[in-house]
Amino acid sequence: MKLGLRRSSKASGRDGSRSALRSLSVPIYRRYYFAQVVSIVGTWMQSVAVSWLVYKITGSGSALGIAITLQFVPMTLLGPIAGVWVERHNKRRVLLCTQTILMGQAVLMGALTITGVVELWMVYTLAVVYGMAFAVNGPAQNVIVYEMVRPALLTNAVSLNLILFNVARIAGPALAGLAIATLGIGPCFVLNGVSFVPVLVVLALIRPRDLHSMPLQARAPRQLRAAIKYVGHKRELLGAIVMLALFGAFAWEFEVSIPLIAERTFGGGPALFGLLTAAIGVGAVAGGIYAARRTHPTNQVQLVNAVIAGAALIGAGLAPVLWLEFVALAVAGAGITAWYGVLTARYQLSTAPEYQGRAMALWGTSLNGVRPIGAPIVGFVGESVGARATLLLGGGAIFVLCIPLWSLLTRHRVIATLRGQDRDVPDVLVTHEDGHAAVADPIDEHLDKQVAAHD
């Protein structure tokens, strides 16, 4: 039996969209967001600098893959455990610690590079330090955003974070390419170290009343096992985890593929590497804005975005001229970002509050923890088959692995969503003030319950 629920048309339009900036109305999130602007630009500068430094030392695509692998191995080993630990501790204090460690790692990397004593083993060692800190930093950041904004604003906040990440993807690599060409590689690391200061200041000034803090979880046996069982028994969560892992392993290895494309396919140097990476960011900003305007994104939108991303990666792998490469990478960035925004919001809103830390740690592990497997594979393909094959591999994996396995794991949900209904919950008829009526998405109903609970 359908239920009639009246909702203001001002609050939710026919297309389920609202202002793309609405979560910035929360003061603490707004301050944190703009502090992150500086920090993530610095992080992207370091990402480009690391890739170019390793390539300069070795001239090897496989060595690039190993560097990426060493960053993400700790996420594979420590990520789920870190989620348990984060749930037991104050998220603000956790982030103060992890951000300080990441700042120190960047400054030390810069000092070693500027003084000319840097060697490959040092880069690899500091990559492991970065990965260990980030394994804890990731779930803590996800949860503290959840605590800063109400559930009704979470989809928007996640999408704005993606916009920020990809604006930084534009600015960071471009600045890094300029800095490397004029000053050298070392200053990129030092500038990244300085960029952590605004975030540390904002975190230090957060007061308890600024957050909708969830109760800390007491120490108990088998907490990690309980979280794995919880995610594994929910089709929506399990399908999202598997799809994200496959994306991360094969389609999200731009740190490996783009340096090879820049030099071996188009004969460029660090400046072209930075511009190609920035092209991905330009498209990603557009994809992030689109996702930010969606109040309740659906599985259908998620599927369309995945198809766009896969087709664009294949197009980038086949592009005969440089301008087409820029266009294809921009479209790939838009598709990937819009897809990721939808998937992340649905995953987090579908997760019970008491599992947020552990579930988001599993989420981070599924994306970054598989990269120790994917990066060497992509690097090997680039070395043995050719640079273009790295992008073709990513696009092909989306169509051959990601979408089919996700559809299989969430088969009933996908079929029901594409038909305009869902078999897991009763249909909810939403009637707007202008007389327009529509069947609500299941996540819509779940979101309404969370908002009502908070209000």
Side-chain angles (χ1 to χ4, degrees), residues 155 158-159 162 231-232 234-254 256-257 280 283-284 286-288 290-291 294 296-318 328-350 362-371 373-375 377-378 381 388-424 441-443:
T155 302
V158 169
S159 298
L162 290 174
V231 171
K234 294 195 70 173
R235 291 199 307 261
E236 179 89 6
L237 301 184
L238 180 60
I241 283 278
V242 171
M243 192 181 196
L244 185 68
L246 293 171
F247 244 89
F250 299 109
W252 221 318
E253 296 291 355
F254 293 124
V256 178
S257 60
I280 299 170
Y290 167 76
R294 302 288 306 186
H296 309 309
T298 65
N299 272 327
Q300 188 175 22
V301 173
Q302 179 178 307
L303 180 60
V304 169
N305 290 332
V307 170
I308 291 172
L313 285 173
I314 292 174
L318 298 175
L329 288 176
V331 175
I336 289 174
T337 302
W339 162 81
Y340 183 75
V342 172
L343 195 67
T344 303
R346 291 185 68 90
Y347 179 87
Q348 198 162 2
L349 287 170
S350 299
L362 292 173
W363 183 249
T365 299
S366 69
L367 174 61
N368 299 312
V370 297
R371 299 187 71 182
I373 302 170
I377 293 173
V378 174
V381 168
R388 291 182 180 277
T390 60
L391 297 175
L392 294 173
L393 174 64
I398 291 174
F399 289 109
V400 176
L401 295 175
C402 299
I403 294 175
L405 284 176
W406 170 73
S407 299
L408 179 65
L409 290 170
T410 61
R411 182 167 56 90
H412 297 299
R413 287 294 291 272
V414 173
I415 293 172
T417 299
L418 294 177
R419 289 176 177 174
Q421 59 185 9
D422 195 288
R423 297 176 182 176
D424 288 352
D441 186 88
I443 296 299

Between atom [atom1] of [X] and atom [atom2] of [Y], what is the distance when rounded to the nearest 0.5 Å?
X      : Y      : atom1 : atom2 : value
Leu313 : Ile280 : CG    : CD1   : 8.5 Å
Ile314 : Phe399 : CD1   : CZ    : 5.5 Å
Ser366 : Leu246 : OG    : CG    : 9.5 Å
Trp406 : Glu236 : CH2   : CD    : 8.0 Å
Leu237 : Arg346 : CG    : CZ    : 10.5 Å
Leu303 : Ile403 : CG    : CD1   : 5.5 Å

Nearest atoms (heavy-atom pairs only) where [X] meets [Y]:
X      : Y      : answer
Leu343 : Gln302 : CD1-NE2, 3.1 Å
Ile398 : Ala306 : CG2-O, 3.5 Å
Ala309 : Gly335 : CB-C, 4.0 Å
Ala328 : Gly315 : CB-C, 3.9 Å
Ala316 : Leu391 : CB-CD1, 3.7 Å

Inset, instruction - Kindly write out the residues that satisfy ring pair (Phe, Tyr, Trp, His ring centres under 6.0 Å) with Phe247, not counting sequence neighbours, or none if the list is empty. - result: Trp339
Under 4.5 Å between any side-chain heavy atoms of [X] and [Y], yes or no?
X      : Y      : result
Ile336 : Phe254 : yes
Thr390 : Val256 : no
Tyr347 : Ile241 : yes

Inset, instruction - Show the numbers, then the answer: is there a side chain to side chain contact (heavy atoms under 4.5 Å, CB included) between Phe250 and Val381? - result: CA-CA 11 Å; Phe250 299 109; Val381 168; over 6 Å; no
Inset, instruction - Scan residues 330-341 for pairs that pass salt bridge (Lys or Arg N to Asp or Glu O under 4.0 Å), counting only residues two or more places apart or in two chains. - result: none
Legend entry - Residues which pass side-chain hydrogen bond (donor to acceptor under 3.5 Å, both in side chains) with Glu253, listed by chain and number, not counting sequence neighbours: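 Checked Glu253 against side-chain hydrogen bond (donor to acceptor under 3.5 Å, both in side chains); matches are Arg371.
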